[in-house]
Every structure is written in C-alpha cells, then in structure tokens.
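All remarks here apply to the structure that follows.
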There are 2 protein chains.
Amino acid sequence: MNYSVVIVDDHQLLSQALGSLVNEFENFSVLYTCRNGTELIEKFKAPKNIPDVVLMDVNMPIMNGIETTQHLHQNFSQVHVLALSIEEDEATILKMLRSGAKGYLLKDVRKGELKQALTEVIQKGYYHTNTVAKILVDSLSEKQSPETLLKERELEFIKHACTEMTYKEIADVMCLSPKTIEGYRNSIFEKLNLRNRTGLVIYAIKHKLFIP
Amino acid sequence: MNYSVVIVDDHQLLSQALGSLVNEFENFSVLYTCRNGTELIEKFKAPKNIPDVVLMDVNMPIMNGIETTQHLHQNFSQVHVLALSIEEDEATILKMLRSGAKGYLLKDVRKGELKQALTEVIQKGYYHTNTVAKILVDSLSEKQSPETLLKERELEFIKHACTEMTYKEIADVMCLSPKTIEGYRNSIFEKLNLRNRTGLVIYAIKHKLFIP
DNA sequence: AAAAAAAATAGGAAAAATCCTGTTTTTGCA
DNA sequence: TGCAAAAACAGGATTTTTCCTATTTTTTTT
C-alpha cells in the first residue's frame, strides 16, 4: 500500500527538498506541494487531490498552518495533519495541536524520525516526539498562557502600548478614559510582575502579543 | 566532473532533505552535512573533507553562518560559500556577503534555481538573485545601517534601554552620569526620529540591536 | 429587583521621562 | 602644545508615567 503525502510550506526549496526525502521512503509518495493554506484548500476541491497525510508548516503568509489545520479538521477529518516548524514555543505548539494536528515535528528532526512519524500517524493516528510530549505535560500543570491570563481589552491595550502613543492617546483611540487605561496597565503590571512600560513591550514581543 | 557539496544547517530535516535534492542534480553530490560552524571547521582538518561548495545557513547556534563564512574565507578561500536563509533583511544579507559568501539564496527559491546557483558559483565564482542584487544596489544609495549611524556607546545604551531599568540605573551600570545617559537618548531620538523610549525599544528589536 | 462582581472612572502625589539651554572635561590632531 | 571637536555633565521646566486609594457605572447572578 502506498500512502500519499502533500507538503504545505511557503519555502519552496524546503518543500521540494522534503519531497525528495519523502519519495525515498517506501510506502509514501508525494502527491503535490503547496505554498499556503489557500492553495491547499483550492486543491482539495478535486477528490483525487486529497492525500492521506499533510505535512504542514506553521508560519505561512496568506493562510497560516493553524487556520488551515482547523479547516481540514472540520472538513476533511480523515486527513492526518503533521505540523512541521522551527517554532518551538509552547504557545504555538499547543495552538497547532488544539487545531487538530496529529503531531508536531521540529524542523531539526532526522530523516528517520520523519519516516517514523509518517508511519505512526497512519497506523496509530498520532505521533509525538519526547520534546513535544514534555511540553504537553508541562502545559497541563504550571503556568497559563498570556491569552487566558489577560482579558480581551487588556490584550488590545497592550498592542497600543507597543507604539509611541502616550496613554492619553491610547485612551482616545480606544474610546476610554485615560484613568481606565491606567487601570488596565496597573492590572497587567500586577499580573505579569512588571515594573514599567518598557517591560511590558518586551513581554508582549516575547509572547507574540505584538509582532514588531 | 562531479563537484562536492557540504550542507551546514542546524535543522537536520532540512539538511537531509536538501541533501536528497542536491544528490538528484548531475555533477553535484553531497559529501556530508553539519549542524553548525564548529562542526564544519573540525571536519575541514582532514583535507578529504574540503568540498567545492558549502551551502550555509545563516542562523545557527554555537557558531553562526557569518562567523563561519569569515573563517572559511580567510583559511579556505578556494571553497565557495552559498548562504541560505529565511532572513531577508538587508542587514543580514550584507553582513553575509561582506563575510565572503559568493551568493545568498532565500529559502523559498525553487529547485531549478538552487541548481543554477551551484553551477554558476562553480563557473563564475558568484551567483546573485534579482532580489539580492536589488538589495545590494539599494544599500549603496540610500540609508545606512543603525550600526554605522549610531556610536558604540549608544548601541550599548540601547540594549540597557530594552530592560526595565530606569535611566538612573542604566547610568549606574554604564558608570556614567544620568545626564550623559540623557544625552545619548536625546541624540538617538534625534537620529532615529523617535518620540519616546517605547519607540526606541521597538526600533531596537526590529533592527536586531536587542534580541528579546 | 436586589446583591454581587466587574468595568470604568477620579484625585492627587511622587517618580521618571522628556526637552530645553548651557558648561566642563577629555581627546584627537596639526 | 594648543586648538577644535567630541564626550560628559548640569540646572531647571514640563510632561508623562507610575502608584496609591476610592467612587461610579455597568453587567452578571441569584
């Protein structure tokens, strides 16, 4: 039995190189490659283009891996998605798994592990490396993500705080009193244990609440 | 004639996938792959391990592409280095080329272009895509990099400004008067057209003067 | 509808940051 | 060695930020 694989990655060289690698494996062959989620979904309109496994990059322009995986999970649940990324931060990995990915491979895995992952995801329905498994376990116990700790309006404020606007100007664009903005800031400082706005900006960028 | 290629990249999957791809080309074959610059230099101690071309990733732990390329340029100038990266910011590309790379490929190039690059770098000694060529031309004309615009001591101050320290505290660790620190800040604000410290932090992170 | 919880708002004070206009000290160099 | 430029430093005013405590308004729950 030969299983079909589709590769979705905006880096074409990586796509093609990965394709060569997968084609070397027995039992697996590449059906085609795509540059982003939109292209993939377009392809899926023809049933012959629906593969057994999708190797999905997380960071892509136009339609990223998380959105794309969610869509596949809802509409083509028989397709196994393996996430593939250089991102190894907890938040990204968790988002991807919650979206329905059956495994998460870091881009520094070895050839053998890729083959293993493809085989297991077909046979068992999932594949997780030790690294990812550990992150999963950790995420259950200790700290929560900024998104759950902070409120919607606070997250919005943080994005504005990562600009040159004064708090008064932020209050204007958010249509709130400057004193309310101060309230947001104080509550955030408290929750995140920060001393000042500079600390907040660094925190926001580290945790991808704001992308510079 | 068969030319030898070495791949240096900390992402093992990419290395191996790239290896498969290069081995598909006529006239080229992969000698071995490395995970970082230190490994490569260790390998080079044996003359049989010295290839015709090195495909070098820019971002690597331990010893990055820039340092490694400099070392090769000084000690093994007959080896052609082709940089390979997802980074497409001017500063990185220029640094890599100044270090002696004979070409700079973005990771979203196509298979055909990689082959073209390998062939040309052997034949002509260099290969540049239109994108990179444009960046080179642009860099000659207009704006200069932050590193040349700002002074050594100012760059050091910027790193401290990207923390929760007050200016007084920064003055202490830099062993200067708070008023001197203010002088630095004012001169930087002027040169970079910034309004406040938040703007400076964002600028520093965007231009990689500070890595969060 | 009343009670409780959450969100928004205020006053006021102290600290820090910003922005002027200068002076002193150090350094490079002819 | 002396002069000019650069670097370091200062006083003082204004604005912004930070940090208290407390009140009003809105929303949710019972």
Side-chain angles (χ1 to χ4, degrees), chain A residues 143-212, chain B residues 143-212:
Chain A
K143 74 216 169 216
Q144 41 204 335
S145 72
E147 277 86 351
T148 59
L149 190 62
L150 301 171
K151 302 185 212 303
E152 197 50 49
R153 209 76 170 133
E154 288 175 342
L155 290 170
E156 192 188 336
F157 158 73
I158 289 181
K159 292 192 216 307
H160 291 307
C162 293
T163 70
E164 291 194 318
M165 281 191 284
T166 65
Y167 291 129
K168 172 151 179 17
E169 288 166 341
I170 294 174
D172 283 346
V173 303
M174 286 182 72
C175 298
L176 290 170
S177 147
K179 283 297 180 176
T180 304
I181 293 299
E182 282 196 39
Y184 287 166
R185 183 204 53 205
N186 291 339
S187 123
I188 292 169
F189 280 7
E190 169 85 17
K191 283 192 262 195
L192 303 179
N193 196 29
L194 300 171
R195 280 179 66 187
N196 51 39
R197 185 162 168 181
T198 303
L200 175 58
V201 172
I202 302 290
Y203 179 94
I205 291 173
K206 261 190 187 162
H207 292 79
K208 301 178 194 236
L209 305 180
F210 173 79
I211 316 285
Chain B
K143 72 211 172 225
Q144 41 204 333
S145 73
E147 275 87 349
T148 59
L149 190 61
L150 300 172
K151 302 185 212 307
E152 196 51 48
R153 209 76 173 134
E154 287 175 341
L155 289 170
E156 191 187 336
F157 158 72
I158 288 182
K159 292 191 217 307
H160 291 307
C162 293
T163 70
E164 290 194 319
M165 280 190 285
T166 65
Y167 291 129
K168 172 150 177 16
E169 288 167 342
I170 295 174
D172 283 346
V173 304
M174 287 183 72
C175 298
L176 289 169
S177 148
K179 285 296 180 177
T180 304
I181 293 298
E182 284 195 37
Y184 287 166
R185 183 203 54 204
N186 291 339
S187 123
I188 292 169
F189 281 6
E190 168 85 19
K191 282 192 264 194
L192 304 180
N193 196 29
L194 301 171
R195 280 179 68 188
N196 51 40
R197 186 162 166 180
T198 302
L200 176 58
V201 172
I202 302 290
Y203 179 94
I205 292 172
K206 262 191 188 162
H207 292 79
K208 299 177 193 239
L209 305 180
F210 172 79
I211 315 286

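Order of the sequence lines fixes the chain letters, A, B, ..., with proteins taken first and strands second; residue numbering starts at 1 for each chain. Values in this document were obtained by computation on a predicted structure and should not be read as measured data. All heavy atoms count here, side chains included; hydrogens, waters and symmetry mates do not.
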Practice item. Please say whether the positively charged group of A:Arg185, taken as NZ for Lys or CZ for Arg, lies over the ring of A:Tyr167, i.e. under 6.0 angstrom from the six-membered ring centre and within 45 degrees of the axis. Key: yes

Exercise. Give the angle between the helix axes at the two ends of the helix from C:dA1-D:dT30 to C:dA30-D:dT1, taking five base pairs at each end and rounding to 10°.
Key: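 End axes: 40° apart.
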
Hey, are the side chains of [X] and [Y] touching, using non-hydrogen atoms and a 4.5 Å cut-off?
X	Y	result
B:Phe157	B:Thr180	no
A:Ile202	B:Ile205	yes
A:Tyr184	A:Leu176	yes

Specify the closest pair of heavy atoms between [X] and [Y], including all atoms of both residues, with the distance to one decimal.
X	Y	value
B:Ser187	B:Glu154	OG-OE2, 2.6 Å
A:Cys162	A:Val201	SG-CA, 4.0 Å
B:Asn196	B:Phe189	C-CZ, 3.3 Å
B:Leu200	B:Ala161	CD2-CB, 4.0 Å

So does [Y] get a backbone contact from the side chain of [X], meaning a donor-acceptor N/O pair under 3.5 Å?
X	Y	answer
A:Arg197	B:Thr198	no
B:Lys168	B:Pro178	no
B:Arg195	A:Met165	no

- For DNA chain C, which nucleotides open and close the run of contacts to chain A, 5' to 3', at under 4.0 angstrom from a non-hydrogen atom?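 The protein-touched segment is C:dA7 to C:dG12.
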
### Query
B:Arg197 near the nucleic acid: base, sugar-phosphate alone, or nothing, with a heavy-atom cut-off under 4.0 Å?
sugar-phosphate

Side chain to side chain donor-acceptor pair (under 3.5 Å) filter on B:Thr163, not counting sequence neighbours, yields none

* To do: With sequence neighbours excluded, tell me which residues meet side chain to side chain donor-acceptor pair (under 3.5 Å) with A:Glu156.
  =>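 For A:Glu156 the side chain to side chain donor-acceptor pair (under 3.5 Å) partners, ignoring immediate neighbours, are A:Arg153.
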
Given D:dT18, is OP1 or OP2 found less than 4.0 Å from the side-chain N or O atoms of A:Arg185?
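Yes.
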
Once base and sugar-phosphate atoms are separated, protein heavy atoms under 4.0 Å mark nucleotides 5-13 of chain D, 5' to 3', with B, S and - as --SSBBBB-

Note: contacts of residues 159-174 of chain A with DNA chain D (heavy atom, under 4.0 Å) are A:Thr166, A:Tyr167

